[in-house]
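Data first, discussion second: the structure below is written as C-alpha cells.
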Amino acid sequence: QVQLVESGGGSVQAGGSLRLSCAASGRTFSNSAMAWFRRIPGKEREFVAAVNFAGTNTRYADSVKGRFTISRDNSKNTVYLEMNSLKPEDTAVYYCARAPMLIAGPFSREYDYWGQGTQVTVSS
C-alpha cells in the first residue's frame, strides 16, 4: 500500500510562485516514477509533469514548460513541483501520482496511486 500526501497549495497573485510537495509512504518510492496532474474547474484532469525513478528524466505539459519544475528526493520519499510565473489559468486542484514503473508518461492509466489533492488558486 502506498499513501501520497500533498502539501504546499494556497493562494497567490499572478506572477507569483508556489512549491508543492508530495510525501510518499512505502518502500517502493525509489523504484517508481512520479507525476503531478491537475483538475481545473469544469475540465478533465490533465497531466502537468512527470519524473523518472532517479530524477534524471522529466517531461512537462506544454502549458507549464519553462515555468514549472518537477524534482524528487528519494532519501525523503518526496516529490516536488516548483511553480513560477503562475497564471490565473493554473488555478486547479493539484494531485501527485505514482506509477509502478521506472519511467512513465502523461496518461492517467499509467498511475496506480493518487494523493488527495491540494488547491492552488492564482488571482489576477
Side-chain angles (χ1 to χ4, degrees):
Q1 188 76 7
V2 174
Q3 288 189 320
L4 303 174
V5 180
E6 301 100 334
S7 61
S11 297
V12 64
Q13 289 193 324
S17 299
L18 282 173
R19 188 194 199 200
L20 306 183
S21 299
C22 173
S25 66
R27 293 176 289 181
T28 61
F29 181 81
S30 61
N31 295 324
S32 304
M34 299 293 295
W36 289 93
F37 287 76
R38 67 186 182 187
R39 188 185 299 277
I40 296 172
K43 295 188 176 182
E44 296 287 321
R45 184 170 54 193
E46 65 180 28
F47 170 77
V48 176
V51 62
N52 72 334
F53 74 106
T56 55
N57 182 284
T58 58
R59 65 186 299 172
Y60 297 92
D62 287 343
S63 59
V64 306
K65 202 170 293 183
R67 300 188 297 123
F68 290 12
T69 303
I70 188 171
S71 62
R72 64 190 296 159
D73 185 339
N74 287 347
S75 69
K76 297 181 179 179
N77 275 20
T78 301
V79 62
Y80 305 98
L81 185 68
E82 185 76 35
M83 305 186 295
N84 297 314
S85 302
L86 282 161
K87 305 175 182 180
E89 51 264 43
D90 294 318
T91 295
V93 178
Y94 284 72
Y95 301 89
C96 80
R98 186 211 81 147
M101 58 193 78
L102 299 181
I103 188 167
F107 304 105
S108 298
R109 62 178 181 269
E110 299 178 84
Y111 299 86
D112 58 353
Y113 286 98
W114 296 79
Q116 83 289 349
T118 186
Q119 176 70 46
V120 171
T121 302
V122 184
S123 58
S124 57

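Below, all heavy atoms of this structure are taken into account, side chains as well, without hydrogens, waters or symmetry copies.
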[Y] backbone acceptor or donor facing [X] side chain under 3.5 Å:
X: Thr78; Y: Lys76; answer: yes
X: Asn57; Y: Asn52; answer: no
X: Arg67; Y: Ser85; answer: yes
X: Asp112; Y: Ala97; answer: no

Parallel, tilted or perpendicular: ring planes of Tyr94 versus Phe68, cut at 30 and 60 degrees: tilted
Phe37 ring center near Tyr111 ring center (under 6.0 Å): yes
Minimum-distance pair of heavy atoms, taken over all atoms of [X] and [Y]:
X: Ala35; Y: Phe47; answer: CB-CE1, 4.4 Å
X: Arg98; Y: Leu4; answer: N-CD1, 3.8 Å
X: Asn77; Y: Gly26; answer: ND2-O, 3.1 Å
X: Leu81; Y: Trp36; answer: CB-NE1, 3.5 Å
X: Ser123; Y: Pro88; answer: C-CG, 4.5 Å

Side-chain touch Ile70/Tyr60, heavy atoms, less than 4.5 angstrom: yes
Test side chain to side chain contact (heavy atoms under 4.5 Å, CB included) applied to Val120 and Val93, Thr91, Leu20, the passing residue: Leu20
salt_bridge(Lys87, Asp90) N-O dist < 4.0 Å: no
Arg38 with Glu46: basic N within carboxylate O range, under 4.0 Å: yes
Nearest-0.5 Å distance, CD of residue Glu89 to CD1 of residue Ile40: 8.5 Å
Heavy atoms from other residues, nucleotides or ligands near NZ of Lys65 exceed 12 (cutoff 6.0 Å): yes
Distance-only side-chain donor-acceptor flag, Ser17 / Asn84, under 3.5 Å: yes
Row check, Tyr80 ring normal vs Arg72 NZ/CZ: under 6.0 Å, within 45°: no
